[in-house]
2 protein chains.
Amino acid sequence: MKKDNTTEQKIKEAAKKVFIKKGLAGARMQDIADQAGINKALLHYYFRSKEKLFEIIFDESVQVLMPQLNSILEKDAPVLEKIKGFATFYIDNLLQNPHMPLFVIHEASQNPQRLVRKIRALKSKPEPAVFIKQVQQEIAAGVLKPVDPMHLFIHVVSLCIFPFVARPMLKAIAHMDDRTFAMLMEQRKKEVPLFIEAAVRR
Amino acid sequence: MKKDNTTEQKIKEAAKKVFIKKGLAGARMQDIADQAGINKALLHYYFRSKEKLFEIIFDESVQVLMPQLNSILEKDAPVLEKIKGFATFYIDNLLQNPHMPLFVIHEASQNPQRLVRKIRALKSKPEPAVFIKQVQQEIAAGVLKPVDPMHLFIHVVSLCIFPFVARPMLKAIAHMDDRTFAMLMEQRKKEVPLFIEAAVRR
DNA sequence: GTCTATAATTTGATAGAC
DNA sequence: GTCTATCAAATTATAGAC
């Protein structure tokens with residue numbers, strides 16, 4: 001599963017863990033060094049500065065989260081098929097990386113331009129235009145009820161991602177423990193597509 | 001609109017702005033002092049420490065965001081009525097405080113216990129139990145399609161809050177400027193209730 | 001209450017030995 | 001490449017004059 005056990009890799013994994021948990025401003029180089037089981041000076045030897053190291057971790061996170069959105073937006077299949085596949089796949093993925101979306105969102109909100117740059121640099125950029133056209137076609141064909149395509153897109157991502165982002169809030173409100181929460185997310189892989197289908201299928 | 005122009009109030013307003021924008025770890029006491037147009041030492045004179053000042057701002061934010069959830073959960077009206085009222089009202093509110101949810105969520109994720117404490121201390125706590133029972137009744141009565149009540153609750157909050165939390169992400173993906181984004185959120189006051197109704201009304 | 005000056009601490013970054 | 005020791009800057013917090 002893990003790549004090399006080179007020092008560089010160890011640092012990147014440690015940095016990923018600490019940055020994603022604490023954010024850029026909250027992370028401490030000392031924490032990262034401890035987590036990696038090495039000395040603080042080595043961080044600078046390998047990555048020059050906190051900012052540089054962060055940039056790499058953020059970049060990788062964007063590369064994990066963004067291109068996956070394309071499975072809604074691009075793949076050639078009926079809209080409801082794509083949404084179903086996406087929800088299952090993406091929620092599954094978030095169960096593995098539950099803290100990544102909040103990390104990216106928080107840092108994007110601190111520095112929106114950085115996210116814009118990263119997205120521009122992606123080989124596989126999310127591009128809603130295709131999806132929007134396809135939804136319009138299926139509405140015209142009578143497959144879907146009339147629905148604003150952009151809002152539909154936002155609905156889908158909201159339903160999939162928000163619970164992970166707001167996890168501590170939802171856990172507190174609904175008095176859930178971690179196990180219950182995980183189970184609920186597991187259910188959402190089916191609940192979300194069913195809900196959307198009920199809303200828009202003719 | 002604003003309360004007194006006492007120094008204490010000026011500080012709290014400045015702190016609110018800075019903390020909500022930068023988070024606890026990212027905020028600087030100097031920024032808050034500048035924003036309030038006073039000296040840094042005065043902050044400590046009035047609020048003792050950064051942590052103490054933060055606690056007050058966080059507390060107030062929780063008091064703004066949480067009790068409003070009760071309009072879904074408690075008020076006596078048919079489920080779909082309540083959801084419609086809530087969505088309109090809450091989104092309207094978020095248009096005034098667009099950065100508050102991400103602030104609370106991010107800090108809650110840094111320190112989940114703090115949020116739990118704050119919620120426990122609320123006079124008007126969000127309590128899903130009533131809502132869940134009501135949904136079950138309306139399903140039994142044939143008003144609603146069968147749907148898991150807890151998931152329905154999560155759907156509603158997700159659809160309302162997520163776009164504000166993920167604003168920079170959505171703006172970047174869909175190439176929107178601020179005006180377009182605001183317009184879209186304005187539309188969601190109607191889109192979200194319609195979408196939910198289409199999904200669950202029998 | 002409010003300010004200036006400064007202390008105390010934290011933290012990112014570097015120098016230099018091995 | 002890796003470590004220890006240390007620096008320099010940033011940042012919270014306080015002392016003390018007015």
Side-chain angles (χ1 to χ4, degrees), chain A residues 2-61 99 103-104 106-111 113-114, chain B residues 2-61 99 103 106-107 109-111 113-114:
Chain A
K2 290 294 160 61
K3 313 228 178 114
D4 285 345
N5 246 15
T6 67
T7 303
E8 187 170 330
Q9 263 306 316
K10 276 195 302 181
I11 294 178
K12 280 178 62 172
E13 279 162 32
K16 186 173 167 182
K17 188 173 285 187
V18 174
F19 276 132
I20 286 183
K21 184 167 175 195
K22 300 286 218 171
L24 171 56
R28 296 292 161 251
M29 293 298 265
Q30 187 62 59
D31 297 343
I32 297 174
D34 293 348
Q35 178 72 38
I38 52 130
N39 191 276
K40 210 174 40 159
L42 260 193
L43 298 182
H44 290 91
Y45 175 79
Y46 277 97
F47 294 95
R48 190 80 194 160
S49 73
K50 183 186 181 184
E51 178 73 25
K52 289 252 199 319
L53 181 51
F54 170 81
E55 194 86 17
I56 290 169
I57 303 305
F58 183 73
D59 193 84
E60 287 188 5
S61 302
H99 303 291
F103 167 65
V104 170
H106 174 71
E107 298 304 337
S109 136
Q110 294 304 306
N111 187 343
Q113 264 318 108
R114 168 149 44 204
Chain B
K2 291 294 158 61
K3 311 228 180 117
D4 285 345
N5 245 14
T6 66
T7 302
E8 186 169 332
Q9 263 305 317
K10 276 195 302 182
I11 294 178
K12 280 177 63 171
E13 278 163 31
K16 185 173 168 181
K17 188 173 285 186
V18 174
F19 276 132
I20 287 182
K21 184 168 175 193
K22 301 286 217 172
L24 171 56
R28 296 290 162 252
M29 292 297 264
Q30 186 63 59
D31 298 343
I32 297 175
D34 293 348
Q35 178 72 39
I38 52 134
N39 191 278
K40 213 175 35 158
L42 260 193
L43 299 182
H44 290 92
Y45 175 79
Y46 278 96
F47 295 94
R48 189 84 193 159
S49 74
K50 183 185 179 184
E51 179 72 25
K52 290 253 200 316
L53 181 51
F54 170 80
E55 195 86 16
I56 290 168
I57 303 305
F58 183 74
D59 192 85
E60 287 189 4
S61 302
H99 302 293
F103 167 65
H106 175 251
E107 298 304 337
S109 136
Q110 294 306 305
N111 187 343
Q113 264 319 107
R114 167 149 45 205

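Convention: sequence-line order gives letters A, B, ...; per-chain numbering from 1. Hydrogens, waters and symmetry mates play no part in the numbers below; they use all other heavy atoms, side chains included.
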Quiz item: To the nearest 0.5 Å, what is the distance between CD (Gln35(B)) and CD1 (Ile11(B))?
Solution: 12.5 Å
Practice problem: Please step through side-chain contact (heavy atoms from CB on, under 4.5 Å) for the pair Leu43(B) and Ile38(B), ending with a clear verdict. | Solution: CA-CA 8 Å; Leu43(B) 299 182; Ile38(B) 52 134; 3.8 Å; yes
Practice problem: Please check the phosphate of dA13(D) (OP1 and OP2 only) for any side-chain N or O of His44(B) closer than 4.0 Å. | Solution: yes
Quiz prompt | Taking every non-hydrogen atom, the tightest pair across Lys50(B) and Ala27(B) | solution = NZ-O, 2.9 Å
Quiz item: Taking DNA chain C as the partner, which of residues 47-54 of chain B come within under 4.0 angstrom of it by heavy atom?
Solution: none
Quiz item: Any chance the side chains of Asn111(A) and Glu107(A) put a donor and an acceptor closer than 3.5 Å?
Solution: no
Quiz item: Does the side chain of Phe19(B) reach to within under 4.5 Å of the side chain of Ile32(B), using non-hydrogen atoms?
Solution: yes
Quiz item: Aromatic rings Phe103(B) and Phe58(B): how do their planes relate, parallel, tilted or perpendicular, breaks at 30° and 60°?
Solution: perpendicular
Listing time: all N or O pairs from protein to nucleotides 1-5 of chain D that are below 3.5 Å?
{"from": "dT2(D)", "atom 1": "OP1", "to": "Thr7(A)", "atom 2": "OG1", "distance (Å)": "2.8"}
{"from": "dT2(D)", "atom 1": "OP2", "to": "Thr7(A)", "atom 2": "OG1", "distance (Å)": "3.1"}
{"from": "dT2(D)", "atom 1": "OP2", "to": "Tyr46(A)", "atom 2": "OH", "distance (Å)": "2.6"}
{"from": "dC3(D)", "atom 1": "OP2", "to": "Asn39(A)", "atom 2": "N", "distance (Å)": "3.1"}
{"from": "dT4(D)", "atom 1": "OP2", "to": "Asn39(A)", "atom 2": "ND2", "distance (Å)": "3.1"}

Quiz prompt | Residue-level proximity of residues 27-35 of chain A to DNA chain C when a heavy atom falls under 4.0 Å | solution = Ala27(A), Arg28(A), Met29(A)
Quiz item: Do Lys12(B) and Glu55(B) meet the salt-bridge criterion of a basic N to acidic O distance under 4.0 Å?
Solution: no
Quiz item: Could you give the CD1-to-C1' distance, from Ile11(B) to dT12(D), as a whole number of Å?
Solution: 15 Å
Quiz item: How many angstroms lie between OG1 in Thr7(A) and CG in Asn39(A), if you round to the nearest 0.5 Å?
Solution: 11.5 Å
Quiz item: In whole angstrom, what separates Lys22(B)'s NZ from dT11(D)'s P?
Solution: 10 Å
Practice problem: Answer yes if the side chains of Gln9(B) and Asn5(B) hold a donor-acceptor pair under 3.5 Å, and no otherwise. | Solution: no
Exercise. Check for a donor-acceptor pair, side chain of Gln110(B) on one end and backbone N or O of Lys21(A) on the other, with a separation under 3.5 Å.
Key: yes
